[in-house]
Amino acid sequence: MNTIKHTSESRGTAHFGWLQSRHTFSFGRYYNPERVNFGALRVLNDDIVTAGMGFGAHPHDNMEIVSIPLSGDLEHKDSTGNTEVIRTGDVQIMSAGHGLTHSEYNHSKSNEVNFLQIWVLPKERDIEPRYQQITFSPEGRKNQWQTVVAPDNDQVLWINQDSWFSLADLDARMELAYALKKEGNGVYVFVIEGEVTVNGEELKKRDALGITGAEVINFSATKDARLLLIEVPMIESPF
């Protein structure tokens, strides 16, 4: 088993007044040749957008883009005709496919929105663009894994990749294991809140751990914790 640890403090930063962003991987003005991707996982941005502000219409193609609001509401519009509000508890996926444009704005005029934006390289290129969002029950991830994105489960968000996203809310001292879905995949664990030990490695809020060469990964919460787990194929760097 091999691991790579990315502490919260080691992430790249971007501050534009209306936007505060932390970049786990190289993005925009932040470039680190050792932090370009983890297999098919290309981007994990932790964004805070001030009230009424956001990202204007911009293009994407051949990328699987997942958005997870942590607090507040996010307004989405795209060139395929979708206009939606993504609220805390929702998860959204957009398969950019052969190309589209979209915008993302803080839906509130008074409160910030904090959301994770995650990009995964696609399995098949130039597919028809598609959009989907689902509200997931908090009870479904209480001391257990709640799958929210998968290529093989019509009850969750579909992704154009052999990748699975799972959330868990763990009580302090709770132990949990994760068995990989596909041989050869890696797992990237991101601690949204709290503290947890992963295969003996201590992680705090917004720390992350990439793991390869394992079939089962063991978790023990040292404090109440909320976790995001992303299983992806370990493909070569896209650059």
Side-chain angles (χ1 to χ4, degrees), residues 12 14 16 19 21-31 35-47 49 53-70 73-87 90-107 113-136 147-154 156-167 182 185-186 188 190 228 230-239:
F16 299 104
L19 169 68
S21 185
R22 300 300 300 267
H23 307 317
T24 295
F25 302 103
S26 295
F27 187 87
R29 299 176 183 176
Y30 167 65
Y31 177 71
R35 299 273 289 265
V36 174
N37 67 309
F38 177 81
L41 177 58
R42 173 63 189 87
V43 167
L44 201 172
N45 289 349
D46 184 357
D47 292 338
V49 179
M53 302 298 290
F55 304 89
H58 56 282
H60 287 288
D61 67 82
N62 290 306
M63 196 67 71
E64 300 296 295
I65 302 173
V66 176
S67 296
I68 304 176
L70 304 181
D73 302 330
L74 189 67
E75 183 175 335
H76 165 96
K77 294 182 181 180
D78 66 50
S79 56
T80 67
N82 293 296
T83 301
E84 302 288 347
V85 176
I86 315 157
R87 307 184 189 279
D90 296 343
V91 182
Q92 174 213 64
I93 191 166
M94 183 176 69
S95 295
H98 58 65
L100 51 67
T101 60
H102 83 130
S103 63
E104 293 169 299
Y105 281 89
N106 186 343
H107 185 64
V113 61
N114 180 200
F115 70 103
L116 301 179
Q117 184 173 130
I118 303 158
W119 297 8
V120 174
L121 299 166
K123 184 175 184 178
E124 297 182 23
R125 293 180 59 84
D126 297 325
I127 68 170
E128 190 69 23
R130 65 188 300 276
Y131 176 93
Q132 189 181 11
Q133 74 181 67
I134 294 177
T135 302
F136 291 92
T147 301
V148 295
V149 175
D152 59 355
N153 183 343
D154 61 8
V156 303
L157 299 169
W158 179 81
I159 189 169
N160 175 27
Q161 184 53 274
D162 294 325
S163 178
W164 289 260
F165 285 51
S166 301
L167 294 168
K182 185 176 181 182
N185 275 4
Y188 197 81
F190 184 75
L228 169 63
I230 305 171
E231 178 180 338
V232 288
M234 296 309 295
I235 64 177
E236 295 296 326
S237 169
F239 303 107

* How many angstroms lie between atom CD of Glu84 and atom CG of Asp73, to the nearest 0.5 angstrom? -> 13.0 Å
* Minimum-distance pair of heavy atoms, taken over all atoms of Pro69 and Asp90 -> CD-O, 3.3 Å
* Take Ile159 and Ile93 through the side chain to side chain contact (heavy atoms under 4.5 Å, CB included) test and state the conclusion after the steps. => CA-CA 8 Å; Ile159 189 169; Ile93 191 166; 3.8 Å; yes
* Structure fact -> Distance col, row Arg125:CZ vs Asn62:CG, nearest 0.5 angstrom, shows 4.0 Å
* Exercise: identify the closest heavy-atom pair between Leu121 and Ile235 -> CD1-CD1, 3.6 Å
* **Sub-4.5 Å side-chain heavy-atom contact between Met94 and Leu100** => yes
* Compare all side-chain heavy atoms of Gln161 with those of Pro122 and state whether any distance is below 4.5 angstrom. => no
* May I ask you to decide if the ring planes of Phe25 and Tyr188 are parallel, tilted or perpendicular, using 30° and 60° as cut-offs? => tilted
* Would you say the side-chain atoms of Gln133 pair up with the backbone N or O of Ser67, donor to acceptor, closer than 3.5 Å? -> no
* What about His102 and Tyr131, are their ring centers closer than 6.0 Å? -> no
* Structure fact -> Smallest heavy-atom separation, Met234 atom then Gly39 atom, equals CE-N, 3.7 Å
* 4.5 Å side-chain heavy-atom contact, Tyr30 and Arg35 -> yes
* Asked: Would you call the rings of His60 and His58 parallel, tilted or perpendicular, where under 30° means parallel and over 60° means perpendicular?
  -> perpendicular
* Asked: According to the interplanar angle, ranging from 0 to 90°, do the rings of Phe115 and Phe55 count as parallel (below 30°), tilted (30 to 60°) or perpendicular (above 60°)?
  -> perpendicular
* Quick one: are Val91 and Ile134 in side-chain contact, heavy atoms under 4.5 Å? -> no
* Asked: Counting N and O atoms only, with roles assigned by atom type, does the side chain of Arg22 sit under 3.5 Å from a partner on the main chain of Leu44, one being a donor and the other an acceptor?
  -> no
* To do: Please answer whether the main-chain N or O of His23 pairs with a side-chain N or O of Asn45 as donor and acceptor at a distance below 3.5 Å.
  => no
* Asked: With side chains defined as the heavy atoms from C-beta onward, is the minimum distance between Ile86 and His76 less than 4.5 Å?
  -> yes
* Structure fact -> Rounded to the nearest 0.5 Å, the CD1 atom of Ile68 sits from the CD atom of Gln92 at a distance of 10.5 Å
* Checking side chain to side chain contact (heavy atoms under 4.5 Å, CB included) for the pair Ser21/Phe16: CA distance, chi angles, key distance, verdict? -> CA-CA 9 Å; Ser21 185; Phe16 299 104; over 6 Å; no
* Would you check if Phe190 and Ile118 make a side-chain contact, meaning some heavy-atom pair closer than 4.5 Å? => no
* Asked: Is Phe165 close to Leu157 at the side-chain level, that is, under 4.5 Å between some pair of heavy atoms?
  -> no
* Shortest non-hydrogen contact from Gly99 toward Pro129 -> O-CG, 3.6 Å
* To do: Output yes when a side-chain donor or acceptor of Glu231 lies under 3.5 Å from a complementary backbone atom of Asn185, and no otherwise.
  => no
* Close side-chain approach of Asn106 to Met53, heavy-atom, < 4.5 Å -> no
* Side-chain (Glu64) to main-chain (Asn160) donor-acceptor, under 3.5 angstrom -> yes
* Structure fact -> Which of Leu228, Val156, Leu167 passes side chain to side chain contact (heavy atoms under 4.5 Å, CB included) with Val148? Answer is Leu167
* At their closest point, which heavy atom of Pro151 faces which heavy atom of Ser163, and how far apart are they? -> CD-O, 3.2 Å
* **Test applied, side chain to side chain contact (heavy atoms under 4.5 Å, CB included); reference residue, Trp164; option that passes from Asp152, Val232, Val149** => Asp152
* Asked: Hey, does the side chain of Asn114 reach the backbone of Asp47 with a donor-acceptor pair shorter than 3.5 angstrom?
  -> yes
